[in-house]
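So the structure is just underneath, and the comments pick up after that.
Starting from 1, each residue takes its place in the sequence as its number. Computed from heavy atoms alone, side chains included, the values below leave out hydrogens, waters and symmetry copies.
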Amino acid sequence: MEFLFGGLTDDDSHSSSCAYYYMESISQSTFAYFFLSLLIEGAPFILLGTMVSGFIDVYMPSGAFERFLPKRKVPAVLLCGLLGIIIPVCECAVVPVIRRLVAKGLPVSCAFTYMLAAPIVNPITILSTWSAFNEQQALYITMSRIGIGYLIAVVVGLVLMLVPVEKVIRKTLLATVKSSRSSKDSCANYHHEQSDQCCSSHHDGDASHSCSHSHSSNGSESSHRVVAAMRSGMKDFVDVAVYFTIGVCLTAMFNILQVDYHDSISIYASDSFKGTAMLMVLAFVLSVCSTSDAFLAASLGSFNYAAKMAFMVFGPMLDVKLIFLYQTVMRGKFLFLFSVFLFVAVLGTCIAWAEWEVLMLWCQDVSHQLSIQGKEVL
């Protein structure tokens with residue numbers, strides 16, 4: 001009998017075994033609670049974001065950026081920081097788009113500004129942030145996230161205006177950019193003899209001047225494009241959902257550790273610098289999509305607003321999966337300097353923001369007035 005029960009024959013060992021399994025069941029139920037609550041809250045926003053990204057991928061013309069951007073660099077950079085409002089994409093989808101745009105001649109400063117700002121300054125992320133912090137000063141957090149994300153993205157874009165492009169992007173991409181420019185110069189003197197041979201005179205760097213437009217029926221073409229957009233969106237959703245699920249799993253584990261080791265974590269959480277740096281590292285490791293990371297940040301109750309803000313700003317700009325994606329665009333040395341600059345910039349900006357109480361008081365006043373007006377309407 002002693003062999004069958006592994007030596008647990010006395011009352012003390014039996015009691016300790018029961019206590020162990022009881023605590024294990026509590027940890028499992030707590031993990032399931034955190035995991036499912038975060039997953040159910042964030043998944044709809046990921047689906048919405050990837051569907052929008054899919055339709056943008058199919059329906060947006062390839063030269064749309066170049067046609068409406070200002071000719072001067074500084075206004076172009078400032079405008080690119082706001083393009084996420086009308087072209088909302090998450091950080092998972094924006095890097096391949098930027099790579100194509102840079103290859104077609106979009107200035108690197110504009111491309112990087114859009115790349116950093118679009119995952120934060122877009123309506124889907126704004127809506128998810130407001131929903132996640134609905135009971136935690138939603139207006140203050142949402143406006144601050146937009147402002148800080150836009151500010152850092154624009155600063156990076158302005159700095160890149162002073163850096164030679166040869167030191168920023170990879171050699172293969174640089175060669176593509178140069179060949180695109182030379183082919184566009186040779187295309188400037190080219191004219192079509194018949195206007196019906198091609199629907200547009202822009203060749204986007206194609207030296208052969210081939211026109212491969214489909215002139216099939218509008219109904220059939222439209223249905224095929226919708227299907228293509230849905231497929232593109234679902235492909236992005238599967239890719240993003242994998243990272244999001246892993247991030248939710250790790251965050252649920254972190255929340256359990258936060259309960260079990262509350263005193264140890266509180267030492268870091270109460271410190272503005274250590275807590276902010278800790279959540280920035282956590283955001284880098286979790287690699288959660290910007291459309292849903294606000295729900296994770298809102299659940300980390302023991303950390304202050306500076307740490308939560310840094311989590312939501314730094315994560316969409318730099319995380320584990322983005323390191324691999326950035327390597328398709330940037331040189332290795334520049335990527336290292338770029339990462340260090342982002343970490344220091346986000347850390348310093350969020351800590352300084354938390355000390356600025358004017359915006360918080362104004363947002364509290366506006367929220368109070370809106371709540372009073374809502375009650376009067378009802």
Side-chain donor/acceptor of Asn122 to backbone N/O of Pro119, under 3.5 Å: yes
Derivation of the side-chain contact (heavy atoms from CB on, under 4.5 Å) call for Trp353 and Met309: CA-CA 9 Å; Trp353 160 80; Met309 184 60 61; 3.6 Å; yes
Heavy-atom check, side chain of Phe112 versus side chain of Val168, under 4.5 Å: yes
Hphob cluster co-occupancy, Ile152 + Leu337, side-chain heavy atoms under 4.5 angstrom: no
Heavy-atom side-chain proximity of Met115 to Tyr326 below 4.5 angstrom: yes
Main-chain N/O of Thr125 paired with Ser128 side-chain donor or acceptor, under 3.5 Å: yes
Side-chain donor/acceptor of Arg331 to backbone N/O of Ile169, under 3.5 Å: yes
Within 6.0 Å of CE in Met230, more than 12 heavy atoms from elsewhere: no
Minimum heavy-atom distance between Ile85 and Pro123, given as atom pair plus value: O-CD, 3.5 Å
Single-linkage hydrophobic cluster Val344~Leu318, side-chain heavy atoms < 4.5 angstrom: no
Nearest-0.5 Å distance that lies between atom SG in Cys110 and atom CG in Leu69: 5.5 Å
side-chain contact (heavy atoms from CB on, under 4.5 Å) between Met317 and Val156, intermediate numbers included: CA-CA 11 Å; Met317 293 183 177; Val156 171; over 6 Å; no
In one Ile/Leu/Val/Met/Phe/Trp/Tyr side-chain cluster, 4.5 Å: Leu162, Val77: no
Sub-6.0 Å ring centroid separation between Phe303 and Phe311: no
From Leu347 atom CG to Leu279 atom CG, the distance as rounded to the nearest 0.5 Å: 11.0 Å
Approximate separation, where rounding is to 0.5 Å, of Asp293 CG and Leu282 CG: 11.0 Å
Evaluation steps, side-chain contact (heavy atoms from CB on, under 4.5 Å), between Phe334 and Leu160: CA-CA 11 Å; Phe334 177 80; Leu160 286 178; 3.4 Å; yes
Any side-chain heavy-atom pair of Leu83 and Thr113 under 4.5 Å: no
For Pro316 against Leu322, the heavy-atom pair lying closest together: O-CD1, 3.5 Å
Sub-4.5 Å side-chain heavy-atom contact between Ile141 and Met312: yes
Parallel, tilted or perpendicular: rings of Phe314 and Phe284 (30°, 60°): tilted
Pairwise side-chain contact, Ser292 with Leu296, heavy-atom cut-off 4.5 Å (strictly under): no
Side-chain touch Phe35/Thr245, heavy atoms, less than 4.5 angstrom: yes
Any side-chain heavy-atom pair of Met161 and Leu158 under 4.5 Å: yes
From CG (Asp319) to SG (Cys289), nearest 0.5 Å: 9.5 Å
Donor-acceptor contact present, side-chain Tyr150 to main-chain Leu78, <3.5 Å: yes
Val121 reachable from Val74 in the ILVMFWY side-chain graph, under 4.5 Å edges: yes
Non-hydrogen atoms of Met280 and Ala310 that approach each other most closely: CG-CB, 3.5 Å
Side-chain heavy atoms of Phe133 within contact of Leu139, under 4.5 Å: no
Closest approach of Ile351 to Thr276 (non-hydrogen atoms, all atoms of both residues): CG1-OG1, 4.1 Å
Nearest heavy atoms of Ala283 and Gly315, plus distance in Å: CB-CA, 3.9 Å
ILVMFWY network linking Val313 to Val159, side-chain heavy atoms under 4.5 angstrom: yes
Stepwise side-chain contact (heavy atoms from CB on, under 4.5 Å) test for Ser131 and Phe295: CA-CA 8 Å; Ser131 301; Phe295 294 101; 4.3 Å; yes
Gln137 side, atom CD; Ser144 side, atom OG - distance, nearest 0.5 Å: 9.5 Å
CD1 on Ile323 to CZ on Phe336, rounded to 0.5 Å: 10.5 Å
Thr349 (side chain) donor-acceptor with Val346 (main chain) under 3.5 angstrom: no
Heavy-atom closest contact (Ser290 atom, Arg145 atom, distance): O-NH2, 3.7 Å
